[in-house]
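Below: one structure, written as structure tokens.
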Amino acid sequence: MSDPKDILRSILQEEIRKLGASSEVHLERPRNPEHGDWSTNVALQLAKELKRKPRDIAEHLKTATTDALVESGITTPAGVSIAGPGFYNVKLNPLIKLRPILEALERGKDYGQALASSDEKVQVEFVSANPTGPLHVGHGRQAALGDAIAALLESQGHNVTREFYYNDGGAQIDKLTRSVQARARGLRPGDTGWPEEGYAGEYIEDIAREFKGNIEDADAVRRFAVQYLRAEQDTDLRAFGVKFDVYYLESSLYTEGKVDAVVKAWGARGKTYEKEGALWLRTTEYGDDKDRVVRKSDGSYTYFVPDVAYHLTKWQRGFERVVDVQGTDHHSTVTRVRVGLQALGAGIPDGWPDYVLHSLVKVMRGGQEVKVSKRAGSYVTVRDLIDWVGRDAVRFFLVSRKADSEFVFDVDLAREKSDENPVYYVQYAHARVCSVFAQWGGEAGALAAAKLERLSGEREAALARLIAEFPETVSTAAREAAPHDIAFYLRELAAQFHSYYNAERILVDDEELRMARLALCAAVRQTLANGLSLVGVSAPEKM
RNA sequence: GCGCCCGUAGCUCAGCGGAUUAGAGUAUUGGCCUCCGAAGCCAAGGGUCGUGGGUUCGAAUCCCGCCGGGCGCGCCA
């Protein structure tokens, strides 16, 4: 254990245990630097538990822990102080605070990654668009979120699978097929004979034109259309820099008998019953509002049966943690899937899998909401966004908000190649460091020997502090499946660097100081690059 | 009607397992390039944290009501 925060926490926790109390030590960064580097309100919490004055408890903690803290080398006797109603504040030794700079340099690309690797198999399922049209902005948000969440989980040493599930049969595909056939016969949306709720986008015409077989052969048209749209979605995903490990076909669940098996398993456990010609599942036993139909009176299954069958395969494939990324418009399926799995009695934990639900995206341009895309007809596509603002901006913007908040994508702002654009702001910081190194022209390896104690400025301390926080920021973001933490962190690190850069010269004549500052800059560059990589954005050396 | 989510500066949003003076960006205003990239920096103004109660020594943060917005409540997927 070398992280001063961990040392501090364990020493405090030990003392609290001796007091016979159980409060958890929660350390935080005080906003006000006068309150030191770490602060805890644990004395105020203990006040309730021990029925003593918080200030007295804090004083006791101070006298009881100072020796051990000084012994560990992280602070001095004067570094521990009590303030306000009973806050326990600690000021760390300056050198301790600079250590993360070397750590970032030593670990390089791995800085921010967990030290211990776990073999836990986890899966992130996202996008999962049906092959009935181009990907829309909502899919874009899922792609950006899902890929970043997967990267975050990988950073914690997990064995991550990125999976895309899609329905290659069923009613929607029939509708697609009929739309293509109608187009091929010269019909247009709205004409008499155009299929009800047919797909109206321009891409339908492309498919109809490209199809060379017998248009009356619905099977052939369907296969062609699905293959065509799958290829198109893949092209967009590639342009977006997202790769999947597994594409799972809904149809395979039927052909492999997995859907029937689920229904049979429910039946064997007495969880189903016949009513009004349909088969029902007793989901109310697991807290659902009402029982759900699993087999319609026409003999076909409702959509949620294959959903459950699909999730059962995830469990059987050994994924201990599964994160499904979906739009909030699907949130009713969350309960159904979980309940359906519970009803199988397969030993799946309650509340499995995890869901990240995101609100939909509103695209603004020129002060107006953009609703239509030429190609798709009724919605803005991922391709539109990439064409308008570039891949990096799309990805950064789409992960820069909490998933469950509505998102207004300002195309004009994202197009802006200036200080107004947060993507460029972060990338610019990276390019700036690179530029300094290009001018310096020395050997990066020499930086490991830099005399960091020469970094005595407040801005340097602030940068070192941010660099030190990176690993914890990553692990928290991974645990919470919250990539926006990374976007905010990057913004802050870039801001601190720009501020430093404007205030101090890096390439000074004093060689010791120069090397120390370069070491700091190299750590900043590495951290920026690692963070950008987690959210799928490039870290250019020049721009 | 019921369920879930959201309501923080003009605008877009962080913070929400309670705590020492509510934060960014943008917009507005005023400064900074004979000097490592001004795609940058520094500074100022701007908020009764939707609203009314409650719990607490202490609430943007926890609980309840109300108002406003989103989504969902199919033998559609």
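Chain letters run A, B, ... following the sequence lines, proteins first and then strands; every chain starts at 1. Quantities reported herein were computed from a predicted structural model and do not represent experimental measurements.
In this entry the distance linking CZ of A/F396 with C1' of B/C13 reads 13 Å, nearest Å. Nucleotide B/G72 holds its P atom 15 Å from the CZ atom of A/R292, rounded to whole Å.
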Considering only nitrogen or oxygen atoms on both sides, find all protein atoms under 3.5 Å from nucleotides 33-36 of chain B and state each distance.
residue, atom, partner, partner atom, Å
B/C35, O2', A/R505, NH1, 2.7
B/C36, O3', A/Q439, NE2, 2.4
B/C36, O2', A/Q439, NE2, 3.0
B/C36, O2, A/I506, N, 3.4
B/C36, O2, A/L507, N, 3.1
B/C36, N3, A/I506, N, 2.7
B/C36, N4, A/Y501, O, 2.7
B/C36, N4, A/E504, O, 2.2

Restricting to nitrogen or oxygen on both sides, can you table the protein-nucleotides 59-61 of chain B pairs closer than 3.5 Å?
none

Could you write out each protein N or O paired with an N or O of nucleotides 2-9 of chain B at a distance under 3.5 Å?
residue, atom, partner, partner atom, Å
B/G3, N2, A/H331, NE2, 2.9

When you compare the protein's N or O atoms with those of nucleotides 75-77 of chain B, which come within less than 3.5 Å of each other, and at what distance?
residue, atom, partner, partner atom, Å
B/C75, O2, A/S297, N, 2.7
B/C75, O2, A/S297, OG, 2.9
B/C75, N4, A/E276, O, 2.9
B/C75, N4, A/E276, OE1, 3.4
B/C76, OP2, A/K296, NZ, 2.8
B/A77, OP1, A/K296, NZ, 3.4
B/A77, OP2, A/Y303, N, 3.2
B/A77, O3', A/N167, ND2, 3.0
B/A77, O2', A/Q172, NE2, 2.9
B/A77, N6, A/Y303, OH, 2.9

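Counted by atom type alone, A/T333 and A/Y303 present zero donor-acceptor pairs between their side chains at under 3.5 Å. A/D291 and A/Y273 form a side-chain donor-acceptor contact under 3.5 Å, judged by distance and modelled atom types alone.
Nucleic acid contact for A/S39: base, since at least one base atom lies under 4.0 Å from a heavy atom of the residue. Contacts of A/A429 with the nucleic acid, taken as non-hydrogen atoms under 4.0 Å apart, are absent. Using a 4.0 Å heavy-atom criterion, one finds that A/K542 contacts the bases of the nucleic acid, with or without backbone contacts as well.
The number of heavy atoms from other shown groups lying within 6.0 Å of CD (A/E458) does not exceed 12. By the neighbour-count criterion of 12 heavy atoms within 6.0 Å, atom CG of A/D510 is densely surrounded, having more than that number from other residues, nucleotides or ligands. At most 12 heavy atoms of other shown residues, nucleotides or ligands fall within 6.0 angstrom of atom CD in A/E472. A 6.0 Å sphere centred on NZ of A/K362 holds no more than 12 heavy atoms belonging to other residues, nucleotides or ligands. Open room surrounds NZ on A/K542; 12 or fewer heavy atoms of other groups in view lie less than 6.0 Å from it. Within 6.0 Å of the CD atom in A/E443, the count of heavy atoms belonging to other residues, nucleotides or ligands does not exceed 12.
Distance check on atom C1': B/C32 versus B/C71 gives 49 Å, rounded to whole Å. Taking atom C1' in both B/A60 and B/U8, one finds a spacing of 7 Å when rounded to whole Å. Taking the C1' atoms as reference points, B/U26 lies 29 Å from B/C67, given to the whole Å. As rounded to the nearest Å, B/G45 and B/G50 have P atoms that lie 24 Å from one another. Between B/G54 and B/C41, the distance separating the two P atoms is 46 Å to the nearest Å.
Judged by the 6.0 Å and 45° rule, A/R29 forms a cation-pi pair with A/W38.
Ring geometry for A/F437 versus A/W440: interplanar angle over 60°, hence perpendicular rather than tilted (30 to 60°).
Aromatic pair A/Y425/A/H498: centroids less than 6.0 angstrom apart. Between A/Y248 and A/F164, the distance separating the two ring centers is not shorter than 6.0 angstrom.
If you take CG on A/L466 and CD on A/E492, they are separated by 5.0 Å, rounding to the nearest 0.5 Å.
Of the two residues contacting RNA chain B, namely A/F488 and A/E541, the nearest-nucleotide position lying further toward the 5' end is that of A/F488.
Residues meeting the side-chain contact (heavy atoms from CB on, under 4.5 Å) test with A/E59, sequence neighbours left out: A/R55, A/K62, A/I82.
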Could you spell out the base pairing of RNA chain B as a dot-bracket line? Use Watson-Crick and G-U wobble contacts where both distances are under 3.5 Å, [ ] for crossing pairs, | for partners on a different strand.
(((((((..((((.........)))).(((((.......))))).....(((((.......))))))))))))....

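With B/C73, B/C13, B/C42 as the candidates, the nucleotide lying closest to the side chain of A/V408 is B/C13.
For B/C33, the base adopts the syn conformation, since its glycosidic angle falls within 90 degrees of zero.
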